[in-house]
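What follows is a short report on a single structure.
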Amino acid sequence: MARPATRFVCSACGHAEPKWHGRCPGCEAWNTLAEERAPAAAPGASRRGPSGARAMVPRRLADVEAEASVRIPTGIGEFDRVLGGGIVPGSLILLGGAPGIGKSTLTTQALGRLAGAGRRVLCVSGEESAAQIRLRAERLGAHALDVPVVTETDLDTVVATLEAERPEVCVVDSVQTLHAAQLDGAAGSVGQVREAADRLVRIAKAHAIAVILVGHVTKDGSLAGPRVLEHVVDCVLQFDGERERLYRTLRALKNRFGSTSDAGVFEMRGAGLAEVPDASAVFVGAATGAPGSAVLAAMEGSRPLLVEVQALVSPSELEPPRRVVNGIDRNRLALVLAVLGRHAGVGLGNADVFVNVVGGLRADEPGADLAVALAVASAARGVPLGPEGGAGPVACFGEVGLTGELRPVGHADRRLAEAARFGLRPVVIPDGSAGDAAPGPGVHPAATLRAALAAALPAARRAAA
Ligand code: TYD
Ligand code: MG
């Protein structure tokens, strides 16, 4: 056989091999290699042979002209902030999220706003019929109905349409539905998704069309298939939240034109997604101060955010007992419970423990440990956190170490300022968080988890005595 016409591509990492392997040499995942046609036939993929190549003259970076990046603001403040100030013309943005989280809603709203501002936009949908899209748009206000839409899954047709229409911003919903006739693989396979991205990148750069690629994400959080896109696109946005809950967060995992530390908060309402510019107010307002409730001064990107962490502890008949989490990492809970038992005298070996971050938010940072520990300890003792008499919710942040020590986490000043803004007292923080400055009133630095418990749960000492 002269040249292999097919190759084997890993569905997890996109690594390609001429022969089949049980284990992907790229990412070491098992059974992920699938055969697909080698992409040599794809138009535009032709490469010049080594003999025909022309050497290039390198240029000093200082001599390269960089055009001031103009941005197209979508008018949705939270979205624009995460993008770094708006959409950069000609950029490729991957918007990932679980099905039903609101990706189509967000993109339709953004296109509607852009159309209302006189921008040329286009919505390409392979997921829904035009009538279904219209029904959604009816809920999203007048401008959403101005968005031109094509329902198509054939990649050639989509590219031709883009070339003819030359919109400034185009949404492709979703990249997993696009199908290139030149390739055998089913729509959504790694080869197809990558082919779609390659073709769209080329046309996006050639005609300064910003393309928002919508991509589905599996429940474990990885972009199914589109993970191979992450290095092709300029920007990877992740839309998170629990489908049954109201709140959604939008984060940039990668951004060539801005920081990856910003996050936007939205609320799903009857008329689409509403921005939640002051999310702390919403979440602290709902904090109960009941036993098992602690307020975490979290960081959502570069923005401080107060969220309530709730815990429930109940005697268990199960072996091993249940550990149920919502919004935090299960392994972090296991660690916190182990340290509570070993170093703080709160043993929970015979109890079911449930921990929930209220509002469907995720608190995936080590700084959440202390809030989890305090909420669980408070639930286990059945007494609310706070000074004698209970003056409302206690705020905290800090990482719990394996030896029972508390470790400082980033942005202590901003977290403290946010807690102060809402008058939360006391705030329990790891020793050394605030630098050399003397702690402000109501701020309790603690070196260990035991000391933090003593500061936040004075009643417990009496209960335990
Ligand atoms: P959708 O944008 O279709 O999600 P995705 O494209 O990520 O799969 O919207 C998902 C859910 O949002 C849907 O179950 C209905 C709900 N929804 C609202 O609550 N209010 C609204 O105004 C809209 C348009 C949708
Ligand atoms: Mg959708």
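Values in this document were obtained by computation on a predicted structure and should not be read as measured data.
A salt bridge links Glu405 with Arg407: the distance from a Lys NZ or Arg NE/NH1/NH2 to an Asp or Glu carboxylate oxygen falls below 4.0 Å. A salt bridge links Arg332 with Glu399; the closest basic N to acidic carboxylate O contact falls under 4.0 Å. Between Asp240 and Arg248 there is no salt bridge, since none of the side-chain N atoms of the basic residue sits less than 4.0 Å from a carboxylate O of the acidic one. Using a cut-off of 4.0 Å between Lys/Arg side-chain N and Asp/Glu carboxylate O, Asp234 and Lys205 are scored as salt-bridged.
Judged by distance alone, the side chain of Asp80 and the main-chain N or O of Gly85 form no donor-acceptor pair under 3.5 Å. Of the possible donor and acceptor atoms, none in the side chain of Arg323 sits under 3.5 Å from a partner among the backbone N and O of Phe354. Between the Glu365 side chain and the Met299 main chain, a donor and an acceptor come within less than 3.5 Å of each other. With hydrogens and angles ignored, the 3.5 Å screen pairs no side-chain donor or acceptor of Thr153 with any backbone N or O of Gly126. With hydrogens and angles ignored, the 3.5 Å screen pairs no side-chain donor or acceptor of Lys103 with any backbone N or O of His216. Side-chain atoms of Arg425 come within 3.5 Å of backbone N or O of Pro441 as a donor-acceptor pair. Between the side chain of His343 and the backbone N or O of Leu402, at least one donor-acceptor pair lies under 3.5 Å.
Atoms CG and OG, on Leu457 and Ser378 in that order, are 6.0 Å from each other to the nearest 0.5 Å. Distance check, rounded to the nearest 0.5 Å: SG of Cys396 to CG of Leu374 gives 4.5 Å. Atoms CG and CG, on Leu92 and Leu229 in that order, are 8.5 Å from each other to the nearest 0.5 Å. Here the CG-CD distance, from Leu145 to Glu138, works out to 6.0 Å after rounding to the nearest 0.5 Å. Separating the CZ atom in Arg113 from the CG atom in Asp146 is a distance of 13.5 Å, to the nearest 0.5 Å. Between Asn255 atom CG and Cys235 atom SG the span is 3.5 Å, to the nearest 0.5 Å.
At least one side-chain heavy atom of Val346 sits under 4.5 Å from a side-chain heavy atom of Arg381. In this structure the side chain of Val355 never reaches within 4.5 angstrom of the side chain of Val324, judged on heavy atoms. Looking at Glu17 and Leu33, their side chains come closer than 4.5 Å, going by heavy atoms from C-beta outward. Side-chain contact between Leu348 and Val376: present, with at least one pair of heavy atoms (C-beta onward) separated by less than 4.5 Å. Side-chain contact between Leu95 and Leu250 is present, with heavy atoms from C-beta onward closer than 4.5 Å. At a threshold of 4.5 Å between non-hydrogen side-chain atoms, the residues Pro430 and Pro445 do not count as touching. In this structure, Thr249 and Phe239 have side chains that are not in contact, with every pair of non-hydrogen atoms separated by 4.5 Å or more. Side-chain contact check for Arg136 versus Glu128: some heavy-atom pair is nearer than 4.5 Å.
The 12-atom threshold is exceeded at CZ of Arg23, counting heavy atoms of other residues, nucleotides or ligands nearer than 6.0 Å. More than 12 heavy atoms of other residues, nucleotides or ligands shown are found within 6.0 angstrom of CG on Leu318. Arg256 CZ: more than 12 foreign heavy atoms inside a 6.0 Å radius.
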Query raised in the report: Between Val82 and Leu237, is a side chain to side chain contact (heavy atoms under 4.5 Å, CB included) present by the stated rule, with each step listed?
Result: CA-CA 8 Å; Val82 174; Leu237 305 182; 3.7 Å; yes

Query raised in the report: Could you walk me through whether Asp364 and Ile328 pass the side chain to side chain contact (heavy atoms under 4.5 Å, CB included) check?
Result: CA-CA 6 Å; Asp364 272 332; Ile328 65 160; 5.5 Å; no

**Report entry** Working for side chain to side chain contact (heavy atoms under 4.5 Å, CB included), residues Leu213 and Leu200
**Finding:** CA-CA 9 Å; Leu213 292 173; Leu200 290 171; 3.5 Å; yes

Requested in this report: Would you please test Val427 and His444 for side chain to side chain contact (heavy atoms under 4.5 Å, CB included) and show each step?
Outcome: CA-CA 6 Å; Val427 190; His444 294 275; over 6 Å; no

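The two residues Val9 and Gly14 come nearest to each other via the heavy atoms CG1-O, 3.8 Å. Nearest approach of Leu178 to Ala196, heavy atoms of both residues: CD1-CB, 3.9 Å. For the residue pair Cys13 and Cys24, the shortest heavy atom distance occurs at SG-SG, 3.7 Å. A pairwise comparison of heavy atoms in Gly404 and Val339 identifies CA-CG1, 3.6 Å as the closest pair. Nearest heavy atom pair, residue Ser125 against residue Ile133, reads CB-CD1, 3.4 Å. Here the closest non-hydrogen pair linking Asn356 and Asn326 is OD1-CB, 3.1 Å.
Relative to the six-membered ring of Phe397, Arg415 meets both conditions, a distance below 6.0 Å and an angle of at most 45° to the axis.
With 3.5 Å as the limit, one finds no donor-acceptor pair spanning the side chains of Gln310 and Ser293. With no hydrogens or angles considered, no side-chain donor-acceptor pair links Thr177 and Glu127 at under 3.5 Å. Looking at Asn350 and Ser316, their side chains never bring a donor and an acceptor atom within 3.5 Å of each other. Defined by atom type and a distance below 3.5 Å, a donor-acceptor pair is present between the side-chain atoms of Asp173 and Ser104.
Taking the salt bridge (Lys or Arg N to Asp or Glu O under 4.0 Å) definition, one finds that Arg421 meets it with Asp278, Glu418, sequence neighbours left out.
The side chain to side chain donor-acceptor pair (under 3.5 Å) analysis of residues 81-91, with sequence neighbours excluded, yields the pairs Glu78-Arg81, Arg81-Asp262.
Aromatic pair Tyr247/Phe283: ring centres closer than 6.0 Å.
Here the rule is side chain to side chain contact (heavy atoms under 4.5 Å, CB included) with Ile72, and of Leu83, Val88, Leu114 only Leu114 fits it.
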